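Just so we're clear, the structure is a prediction, and the values are computed from it rather than from any experiment. In this chain, numbering begins with 1 at the start of the sequence shown.
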Amino acid sequence: MTRILQFVFLLALAVGCDARNTRGKPGNTSGQPSTAANQPVVRWHFVGTASLNGNTNAARIRRVLTEPSSKALLRHLTDKLAQTATNLAQTSKAGDGVNLAPLVSPMIDDLLGAESAAYLQSVGGHGIDVTLAVRLAADRASLWRTNWERATTLLGAASRGEVRGDGFAGLEAKWADSPITSRLVKAGGWTLLSWGTGSAHAPSGWLERIKATDQPVVADKEAWLDIDVDLERLAGMLSWSSSVAWPKANLKFVGRGTNIRTTGRLSYSRPFSFKLEPWRVPTNTISDPLVAFTAVQGIRPWLSAQPWIRDAGIASAPNQVFAWAMAHVPFRTYLSWEVSDMTNDLRHLARWFPPLTTNRLYWARYSHEMIETNDLKFIWRGLPLAEPFLQPGASGDPRFVVTGIFPLDKKLNRAPAELYAQVIGQTNLVYYDWELTQVRIDDWRRLNDVYWMVAGYEPVKKITPARVWLTDTNVIR
């Protein structure tokens, strides 16, 4: 998995079984409310791509950003975001037929290149106030003012006037029969754009801090990008399930030599719904050379609630699952877990899987499943490239099963003990992941191709800006 996919996976896991943060360290379990009314729903600080010039920790990413395909991808993303602004505007009566994309697009360019901070605050449970602060040169600040004036005119602002205060000056737009106001002000080297229904047009302390330190926020000195999201309050705004213990989430990107280190943390306000168990890793089944290794626990409550677990006749859902991928062949990705009854669980799965595949995948009708009774091994043969299997783990892991779409190596090369030491013996670890991301992205692309082959439908391959970018920057081959 890529780093962002890992973080999304962990959030999804949290939805099902109150899993913890991406480093696996439990958060606040006091049971007290985790958010105050004056705290943001979303906020970020970004140093801007322009600041990476001359940064000794950014040599590789600077090279990537100069690629023509990188510029084309950023242009594509900018255009999409600008169009989204138009779509949102057109949901209101004032914005009917308005095209904001040409005005918003150059502002998004500045948000990518310049240092910025953002603060999104909920109002009345469902409304949202947004404030952006961007460090701009005089000519770009002038462009923002011009585009803001044109946009508010197109959106039917009833009035527009000057606003001034201690250390700032700018314009304010208001709409008739609407509590919404918008401001664009200049404070020091920063341009602040706000939009919403709240009375505060800049987060508390921003203008004072700009005047004193020329910075709107107290930023992490190492992080290139630092994002906080209060998912509990966001869930209330978006009508997500209130039965889920939504966490506060933080995501940081920090330069480390030629690489970027991504860290994520989820902090919970409710006690956890499960107890951590000692790690039991199938070290005799996992084999080197590895390009990825993942360990997760605490998933039994979520798995037990899944209908397919009951349909398959599994006696007890596993609480710990392990995944790994091997080098050289992209299809060698495997999954292993403990079972309470090896014989019955494997036989139940072997009976449940064939009708599932033949009912949903027409190609499966031209293949055949077989069971090697003596070894309790289930194999699906006759598919292109892949040969999915389910079988007991190595003899040294008597209660583990293992599954994959490419046969296991018969010769076991043990993975380094240093890797397992990151997991075994840890008493407050829920999730661990290590990978060579460049290799894994290519693996996932090839596994996706196998999926379409097995499904019997091969979509038309699109030469998208993202795919060209991945290829040109040698992320995929």
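Remark: the backbone N or O of Gln121 is not paired with any side-chain donor or acceptor of Asp129 at under 3.5 angstrom. Panel note: side chain Thr66, backbone Arg63; a donor-acceptor pair is recorded below 3.5 Å. Judged by distance alone, the side chain of Trp144 and the main-chain N or O of Leu184 form no donor-acceptor pair under 3.5 Å. Counting only distance, with no hydrogens or angles, the side chain of Gln320 and the backbone of Arg280 share a donor-acceptor pair below 3.5 Å. The closest donor-acceptor contact from the side chain of Asn319 to the backbone of Arg300 lies under 3.5 Å. Using a distance-only test at 3.5 Å, with no hydrogens or angles considered, no donor-acceptor pair links the side chain of Glu172 to the main chain of Thr181. Of the possible polar contacts, one joining the Ser70 side chain to the Val64 backbone as a donor-acceptor pair under 3.5 Å is found. Without hydrogens or angle criteria, Asp226 side chain to His45 main chain gives no donor-acceptor distance under 3.5 Å. Ser178 places no side-chain N or O within donor-acceptor distance of the main-chain N or O of Lys174, the cut-off being under 3.5 Å. Here the side chain of Thr131 pairs no donor or acceptor atom with the backbone of Ser194 at under 3.5 angstrom.
Proximity of Ile210 to Leu192: side-chain heavy atoms (C-beta onward) are separated by under 4.5 Å at one or more points. Residues Phe253 and Val47 form no side-chain contact, since every pair of their non-hydrogen atoms from C-beta on lies 4.5 Å or further apart. Looking at heavy atoms from C-beta onward, Arg233 lies out of side-chain contact with Lys248 at the 4.5 angstrom threshold. Between Trp240 and Leu234, the closest side-chain pair of non-hydrogen atoms falls below 4.5 Å. Side-chain atoms of Asp288 and Pro416, non-hydrogen and from C-beta on, do get closer than 4.5 Å to each other. Using a 4.5 Å heavy-atom threshold, the side chains of Glu67 and Trp469 count as separate. Looking at Val98 and Thr86, their side chains never come closer than 4.5 Å, going by heavy atoms from C-beta outward. The shortest side-chain heavy-atom distance between Ile286 and Val281 falls under the 4.5 Å cut-off.
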Leu193 vs Met107, side-chain contact (heavy atoms from CB on, under 4.5 Å): CA-CA, chis, key distance, verdict: CA-CA 11 Å; Leu193 170 63; Met107 300 167 82; 4.1 Å; yes
Step-by-step side-chain contact (heavy atoms from CB on, under 4.5 Å) determination, Val423 to Trp434: CA-CA 11 Å; Val423 176; Trp434 165 86; over 6 Å; no
Stepwise side-chain contact (heavy atoms from CB on, under 4.5 Å) check, Phe46 with Ile227: CA-CA 9 Å; Phe46 178 46; Ile227 306 173; over 6 Å; no
Trace of the side-chain hydrogen bond (donor to acceptor under 3.5 Å, both in side chains) decision for Asn413 with Ser287: CA-CA 5 Å; Asn413 298 309; Ser287 184; 4.5 Å; no
Pair Val218-Thr213, side-chain contact (heavy atoms from CB on, under 4.5 Å): steps then yes or no: CA-CA 10 Å; Val218 179; Thr213 67; over 6 Å; no
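In this structure, Phe293 and Phe322 have parallel ring planes: the angle between them is below the 30° cut-off, well short of the 60° mark.
Separating the CD1 atom in Ile405 from the CG atom in Leu335 is a distance of 12.5 Å, to the nearest 0.5 Å. With rounding to the nearest 0.5 Å, the separation of CG in Asn284 from CG in Leu412 is 7.0 Å. In this structure, CG on Leu171 lies 8.5 Å from OG1 on Thr152, to the nearest 0.5 angstrom. For the atom pair OG1 (Thr294) and OH (Tyr432), the distance works out to 9.0 Å, reported to the nearest 0.5 Å. Residue Leu112 holds its CG atom at 5.0 Å from OG1 of Thr78, rounded to the nearest 0.5 Å. If you take CG on Asp230 and CG on Asn250, they are separated by 12.0 Å, rounding to the nearest 0.5 Å.
Remark: Arg150 CZ is loosely packed, at most 12 non-hydrogen atoms of other residues, nucleotides or ligands lying under 6.0 Å away. More than 12 heavy atoms of other shown residues, nucleotides or ligands fall within 6.0 angstrom of atom CZ in Arg256.
Pairs of residues two or more places apart, or lying in two chains, that qualify as side chain to side chain donor-acceptor pair (under 3.5 Å) and include a residue from residues 326-335 are Arg332-Asp409, Thr333-Arg440. Screening residues 202-212 for salt bridge (Lys or Arg N to Asp or Glu O under 4.0 Å) gives Asp166-Lys211 as the qualifying pairs, with residues at least two apart or on separate chains.
For the residue pair Lys186 and Ala141, the shortest heavy atom distance occurs at CE-CB, 3.8 Å. Residues Trp279 and Ile424 share a closest heavy-atom pair of CB-CA, 4.3 Å. Of all non-hydrogen atoms in Phe168 and Ala187, the two that sit nearest each other are CB-CB, 4.0 Å. Counting all heavy atoms, side chain and backbone alike, Pro247 lies closest to Leu266 at CB-CB, 4.0 Å. Pairing each heavy atom of Asp214 with each of Trp190, the nearest pair is O-NE1, 3.0 Å. A pairwise comparison of heavy atoms in Leu276 and Thr427 identifies CD1-O, 3.3 Å as the closest pair.
Salt-bridge formation is not detected for the pair Arg261/Glu222: no Lys NZ or Arg NE/NH1/NH2 atom is positioned less than 4.0 Å from an Asp or Glu carboxylate oxygen.
In this model, a donor atom of one side chain and an acceptor atom of the other lie less than 3.5 Å apart for Gln83 and Asn87. Counting only N and O atoms by type, the side chains of Trp195 and Ser182 include no donor and acceptor under 3.5 Å apart. A side-chain donor from one of Arg75 and Ser105 sits under 3.5 Å from a side-chain acceptor of the other.
The side chain to side chain contact (heavy atoms under 4.5 Å, CB included) test with Ile108 singles out one residue from Leu81, Thr84, Asp79, Leu77, and that residue is Leu81.
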